[in-house]
Protein chains: 2
Amino acid sequence: MTSARPITIKDIAKRFHCSPSTVSRALNDHPAINEDTRRNIKEYALEVGYQKNEVSLSLLNKKTATLGVVVPSIGHYYETAVIEGLHAVLQPLGYTLNICVTNENYLLEKEYLTKLLSNRIEGIFLSVAQETYDAGYYEHLEQVNQRHTPLIFIDREYETFETSRATVDDYHGAFAAVEHLIQMGYRHIAHLKGPNGLTVTEQRFKGYIDCLRKYNLDISEELIINTNFKVESAIVPTKRLLDLPLPPDAIFGVNDQVAIGAMRVAKDRGLRIPQDIGLVGFDNSPITAYTYPSLTTVGRPGRKIGMEASRLFLNQLNASEDFRHENIVLPAELIIRESTLRLS
Amino acid sequence: MTSARPITIKDIAKRFHCSPSTVSRALNDHPAINEDTRRNIKEYALEVGYQKNEVSLSLLNKKTATLGVVVPSIGHYYETAVIEGLHAVLQPLGYTLNICVTNENYLLEKEYLTKLLSNRIEGIFLSVAQETYDAGYYEHLEQVNQRHTPLIFIDREYETFETSRATVDDYHGAFAAVEHLIQMGYRHIAHLKGPNGLTVTEQRFKGYIDCLRKYNLDISEELIINTNFKVESAIVPTKRLLDLPLPPDAIFGVNDQVAIGAMRVAKDRGLRIPQDIGLVGFDNSPITAYTYPSLTTVGRPGRKIGMEASRLFLNQLNASEDFRHENIVLPAELIIRESTLRLS
DNA sequence: AATAATGCTTCAAACGTTTGCGGATATGTA
DNA sequence: TACATATCCGCAAACGTTTGAAGCATTATT
């Protein structure tokens with residue numbers, strides 16, 4: 001039963017005993033149409049709720065005004081901030097965003113890319129899934145290149161893949177976080193690392209390591225444990241850390257979620273934060289300002305990343321022959337709160 | 001420079017000096033095509049990366065296999081859970097979800113609906129924006145009805161609008177939360193209410209009020225303050241509550257965010273939770289299990305709602321003449337944690 | 001009165017794909 | 001040799017819209 005056939009321009013043409021061309025021109029205010037004809041047609045169109053079929057227009061103009069946004073999840077603050085930034089720039093320009101969530105799944109990511117290309121979207125913003133990283137797959141990106149569809153990496157990227165990207169300087173963000181811990185007098189600093197292989201994970205890890213090196217602090221394997229970005233994935237690792245003969249006096253979490261998980265475990269153990277143990281997260285998600293104690297964290301300008309990524313896309317669209325891919329890296333900002341502010 | 005024109009069926013036809021029909025049939029394994037021809041064509045298509053133009057197919061078949069999901073935001077746990085549920089059912093059936101974020105903005109919501117209809121999507125899942133509520137607008141929904149496009153309400157709905165919906169029993173969820181507080185011995189219970197007018201807000205509010213009535217507890221205007229669902233919107237209201245001559249001994253937050261905001265303020269005041277003050281949230285977002293103390297909350301089955309909403313859509317698609325809209329209401333579940341568990 | 005100009009409208013092609021029908025060639029049967 | 005039957009392929013229309021070019025009245029210009 002569902003769909004009563006939508007009114008078409010032909011239907012209107014029949015009603016007025018004129019040709020579809022006339023109706024089209026009338027609706028688009030073409031000057032070479034009689035004033036009365038135009039008015040009548042427009043009134044009637046409004047009355048019957050005519051809506052132009054964008055599908056046919058897309059076919060005709062080879063333009064869909066649609067962009068794909070392919071991300072592993074939309075549950076975290078950063079991702080939604082990026083999407084908001086994309087939206088802020090691109091929606092006013094008439095673009096529709098087609099948001100696809102891969103759930104960290106490679107096959108789904110591939111399927112989405114194919115589907116988006118089949119649907120003739122005009123550009124893709126991609127943060128690659130974890131599985132894609134793990135397996136080192138990237139053939140599914142070739143089809144995008146082959147079609148010369150602009151591809152912009154956001155957040156999670158392939159370092160070796162030649163395309164534009166807008167990312168955050170995770171390395172220096174992490175470095176600053178650990179340096180801050182050191183300046184606060186913490187010396188035995190653990191890291192709840194993300195899943196191995198992801199650029200964000202490894203960059204933050206590298207920042208952590210390099211900072212320890214700079215200050216001649218020991219790097220201990222047992223102080224580095226993987227998590228999967230979720231709160232609950234921090235619980236067991238944190239317990240293991242605190243059970244060590246020489247437990248850490250600070251924990252740097254790969255994101256806010258795991259830092260909050262660690263906070264919970266530390267409090268359960270009766271540890272005082274920041275006196276007994278310091279905690280740092282990453283992302284500056286809204287909640288971090290209101291945990292107790294509030295969480296020191298590294299802010300990522302997600303909205304700005306989205307806006308920069310949009311700019312990269314637009315540049316590529318209007319680019320000349322000698323177009324070179326751009327690499328935008330925005331700084332991360334250390335936000336000092338109570339969880340590390342111990343007056344030594 | 002960007003787009004090298006995608007390969008079409010005509011290009012392939014030229015290459016093999018045959019007609020487009022033949023290519024089409026070869027690619028679709030039509031039996032009336034010579035084995036060799038088919039093989040050659042398919043090989044060549046693969047080689048040059050041919051991808052069928054879904055836009056033209058949509059036009060031809062009047063089917064886009066795309067559904068619109070229009071929500072006020074994607075920042076909260078519940079919303080992403082719903083989307084995941086929709087996805088779980090509909091993605092395997094070949095549907096693409098077009099996720100649109102209205103930012104609580106009426107005009108944007110209207111624009112999205114129009115655009116989705118113009119793009120000939122086959123169904124819409126809608127959680128209405130706050131502005132839409134406030135102003136009581138709903139003409140923009142008429143166009144959806146007029147086109148007989150299935151419309152399913154999720155979460156935020158218009159009670160008076162005749163369509164299918166899948167929602168959570170906020171009323172009884174709130175009632176259970178407050179009843180639990182009463183059973184724990186709390187007597188002076190405040191409510192951090194959401195923005196007025198929203199169904200979810202009002203239902204939870206009603207549950208709160210009715211429960212107080214049932215137990216003959218006073219209902220005090222000054223214990224009811226509006227928030228906007230965000231953490232920070234709970235700070236000032238909570239301070240005002242705690243500054244009252246007779247401050248509340250428990251706070252029921254309209255969602256987890258505001259409850260966590262309240263938790264922060266209470267702790268700043270040196271109040272012990274749950275001994276001095278009880279706290280309840282709503283949504284069971286992952287973090288609530290790991291705050292300190294963990295937060296008692298009311299769980300909403302977001303994923304299930306998404307799946308049920310999908311079912312409603314599919315029902316409507318295959319419905320006969322005597323189709324009636326369905327109204328699915330799933331129960332909310334009280335999840336008791338430390339923030340209210342005082343042993344009286 | 002012939003020509004030019006103006007105002008309004010229709011024709012036809014195009015976008016990429018599918019599909020019923022008819023056509024052509026080759027093979028089998030009488 | 002004539003006819004039926006497979007086997008394979010092309011024609012053309014369709015989906016809804018836009019748009020350059022051409023058509024046709026009517027009015028203006030010489």
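None of these values were measured; they are calculated from a predicted model. Throughout, a chain's letter reflects where its sequence line sits, starting with A, and its residues are numbered from 1.
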How many Å lie between CG on B:Asp29 and C1' on D:dC8, as a whole number? 16 Å

Check: B:Phe313 and B:Leu90 side chains under 4.5 Å, non-hydrogen atoms: yes

Please determine whether the number of non-hydrogen atoms from other residues, nucleotides or ligands lying under 6.0 Å from atom CZ of A:Phe16 exceeds 12. yes

I'd like to know if A:Lys110 pairs up with A:Glu131 as an ion pair, taking the criterion as any Lys NZ or Arg NE/NH1/NH2 lying under 4.0 Å from an Asp or Glu carboxylate oxygen. no

Minimum-distance pair of heavy atoms, taken over all atoms of A:Leu86 and A:Ala309: CD2-CB, 4.0 Å

Without hydrogens or angle criteria, can the side chains of B:Ser21 and B:Ser24 be said to hold a donor-acceptor pair below 3.5 Å? no

Can you list the residues that meet the side chain to side chain donor-acceptor pair (under 3.5 Å) rule with A:Asn98, with sequence neighbours excluded? none

Within a strict 4.5 Å, meaning less than it, do heavy atoms of the A:Asn103 and B:Gln91 side chains meet? no

Shortest non-hydrogen separation from B:Tyr95 to B:Thr66 and the atoms involved: CD2-N, 4.2 Å

Only counting residues at least two apart or in another chain, list the ones meeting salt bridge (Lys or Arg N to Asp or Glu O under 4.0 Å) with B:Glu54. none

So for the helix from C:dA1-D:dT30 to C:dA30-D:dT1, with five pairs setting each end axis, what is the inter-axis angle to 10°? 80°

Validation row: B:Tyr50, B:Ile9 side chains within 4.5 angstrom (heavy atoms): yes

Using atom names, set out every protein N or O paired with an N or O of nucleotides 18-20 of chain D below 3.5 Å, distance rounded to 0.1 Å.
{"residue": "D:dT18", "atom": "OP1", "partner": "A:Asn28", "partner atom": "ND2", "Å": "3.3"}
{"residue": "D:dT18", "atom": "OP1", "partner": "A:Lys52", "partner atom": "NZ", "Å": "3.4"}
{"residue": "D:dT18", "atom": "OP2", "partner": "A:Ser24", "partner atom": "OG", "Å": "2.5"}
{"residue": "D:dT19", "atom": "O4", "partner": "A:Ser21", "partner atom": "OG", "Å": "3.3"}
{"residue": "D:dG20", "atom": "O6", "partner": "A:Arg25", "partner atom": "NH2", "Å": "2.6"}

From the 5' end of DNA chain C to its 3' end, which nucleotides mark the outer limits of contact with chain A, defined by a 4.0 Å heavy-atom distance cut-off (strictly under)? C:dC8 to C:dG16

B:Glu35 or A:Glu54: which one's nearest nucleotide on DNA chain D is closer to the 5' end? B:Glu35

Which residue lies more 5' along DNA chain D, comparing A:Asn53 with B:Ser19 via nearest heavy atoms: B:Ser19

What integer distance in Å separates B:Ile41:CD1 from D:dG10:C1'? 13 Å

How would you label the contact of A:Thr37 with the nucleic acid (heavy atoms, under 4.0 Å): base, sugar-phosphate, or nothing? sugar-phosphate

Just grab all the salt bridge (charged side-chain N to carboxylate O under 4.0 Å, His left out) pairs involving residues 22-40 of chain B, residues at least two apart or on different chains. B:Asp29-B:Arg38, B:Asp29-B:Lys42, B:Glu35-B:Arg38, B:Asp36-B:Arg39

